[in-house]
Amino acid sequence: LVEKNTSRDGYAFYDFTRSYLTATGGWTVDSAASTFETLLVAGGGSGATRHGGGGGAGELVYSSSTALSGVVAVEVGMGGLQPGIATSAATSWLPGTRGQSSTLAGVSANGGGGGGRNNVEGTDIVLGVDSKDGGSGGGEAHGGAAEIAGVSIKTGSGAGNRGGTGFSSGSYGGGGGGGAGTVGGNGSNASGGAGGAGLPYSLNGSAICFAAGGGGGGFDASGGASG
């Protein structure tokens with residue numbers, strides 16, 4: 001659940017790939033250090049069915065200096081679940097689902113918004129909430145002028161952007177999901193919109209891109225590339 005790596009300049013790196021659950025309530029901070037460089041990323045949203053919008057990236061929260069001590073809670077959010085499999089006309093237009101939030105020592109990052117479903121005049125409301133809104137917003141499906149791309153809902157210091165808009169004719173390209181670095185690309189007659197770019201960090205000495213958005217779907221053309 002936690003991987004410790006000391007490969008760069010004597011610094012210790014801790015990588016949490018799942019929530020850290022222990023009898024003490026979390027991770028016991030290494031007593032050899034009191035200040036940490038931290039990168040927290042929430043789960044990304046899933047894309048919608050058919051030629052709908054791409055899922056938005058989970059919010060990214062970076063800090064160059066975070067004081068940690070004692071036992072801290074570590075929760076790693078899952079990505080949004082697959083919306084389902086179309087078994088009839090009534091179930092062929094399903095919205096993507098939001099990703100789960102991630103938390104480290106009381107600091108949270110919001111999960112990414114799900115992709116917008118096709119032919120919905122207005123918002124993709126699930127339990128009273130627009131499922132496209134999140135850390136980065138999910139992309140819009142075509143659906144007409146009333147369709148709205150997902151907006152970015154951040155916790156404060158985090159990074160995230162809105163989703164792209166869908167194209168309302170031709171291949172009906174869905175908008176790409178937003179990424180931590182840029183907004184999602186707009187769909188076109190040729191393809192779905194590209195996912196928004198993530199942000200690169202070199203915590204372990206090698207630059208890695210985090211929190212990129214998913215590409216939008218296409219009806220009779222290619223889907224958009226991920227960010």
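Checked by atom type and distance alone, the side chain of T35 never pairs as donor or acceptor with a backbone atom of S65 at under 3.5 Å. Looking at N110, its side chain never comes within 3.5 Å of a backbone N or O of G134 through a donor-acceptor pair. Although no hydrogens or angles enter the test, the distance criterion places a donor-acceptor pair under 3.5 Å between the side chain of T182 and the main chain of A197. Checking side-chain atoms of T49 against main-chain N and O of L94 turns up a donor-acceptor pair under 3.5 Å. Judged purely by atom type and a 3.5 angstrom limit, S136 has no side-chain atom pairing as donor or acceptor with the backbone of G58. Looking at Q100, its side chain does come within 3.5 Å of a backbone N or O of M78 through a donor-acceptor pair. At least one donor-acceptor pair closer than 3.5 Å links the side chain of E140 to the backbone N or O of G166. Formation of a donor-acceptor pair under 3.5 Å by the T103 side chain with backbone atoms of E75 is not found in this model. Checking side-chain atoms of N161 against main-chain N and O of G178 turns up no donor-acceptor pair under 3.5 Å. For the pair R117 (side chain) and A141 (backbone), a donor-acceptor distance under 3.5 Å is absent.
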Checklist entry - Can you list the steps and then say if L60 with Y201 is a side chain to side chain contact (heavy atoms under 4.5 Å, CB included)? => result CA-CA 11 Å; L60 183 152; Y201 287 89; 3.6 Å; yes
Next on the checklist: Could you go through W27 and F16, starting from their C-alpha distance and side-chain angles, then the distance that decides it, and tell me whether this counts as side chain to side chain contact (heavy atoms under 4.5 Å, CB included)?
Outcome noted: CA-CA 10 Å; W27 174 58; F16 295 91; 3.6 Å; yes
Next on the checklist: Determine whether F210 and L199 satisfy the following criterion, side chain to side chain contact (heavy atoms under 4.5 Å, CB included), listing intermediate values before the conclusion.
Outcome noted: CA-CA 5 Å; F210 294 89; L199 291 174; 5.8 Å; no
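Scanning both residues, A159 and A180, for their nearest heavy atoms gives CB-O, 3.7 Å. In this structure, A212 and A57 approach most closely via the heavy-atom pair O-CB, 3.5 Å. In terms of heavy atoms, S101 sits closest to A42 at CA-CB, 4.1 Å. Nearest approach of S102 to G77, heavy atoms of both residues: OG-N, 2.9 Å. Counting all heavy atoms, side chain and backbone alike, S152 lies closest to G135 at OG-O, 2.7 Å. Minimum interatomic distance between R98 and I153 (heavy atoms only, all atoms of both residues): NH2-CD1, 4.1 Å.
Between the side chains of T97 and S46, at least one donor N or O lies within less than 3.5 Å of an accepting N or O.
Atoms CG and CZ, on N189 and F167 in that order, are 5.0 Å from each other to the nearest 0.5 Å. Atom-to-atom distance recorded for R162:CZ and K132:NZ is 13.0 Å, nearest 0.5 angstrom. Note that OH of Y14 and CG of L104 are 13.0 Å apart. Values are rounded to the nearest 0.5 Å.
In the hydrophobic cluster analysis, where Ile, Leu, Val, Met, Phe, Trp and Tyr join through side-chain heavy atoms closer than 4.5 angstrom, F36 is grouped apart from V71.
Residues that satisfy the side-chain contact (heavy atoms from CB on, under 4.5 Å) test with V61, not counting sequence neighbours, are L40, E59, V107, A109, T155, S157.
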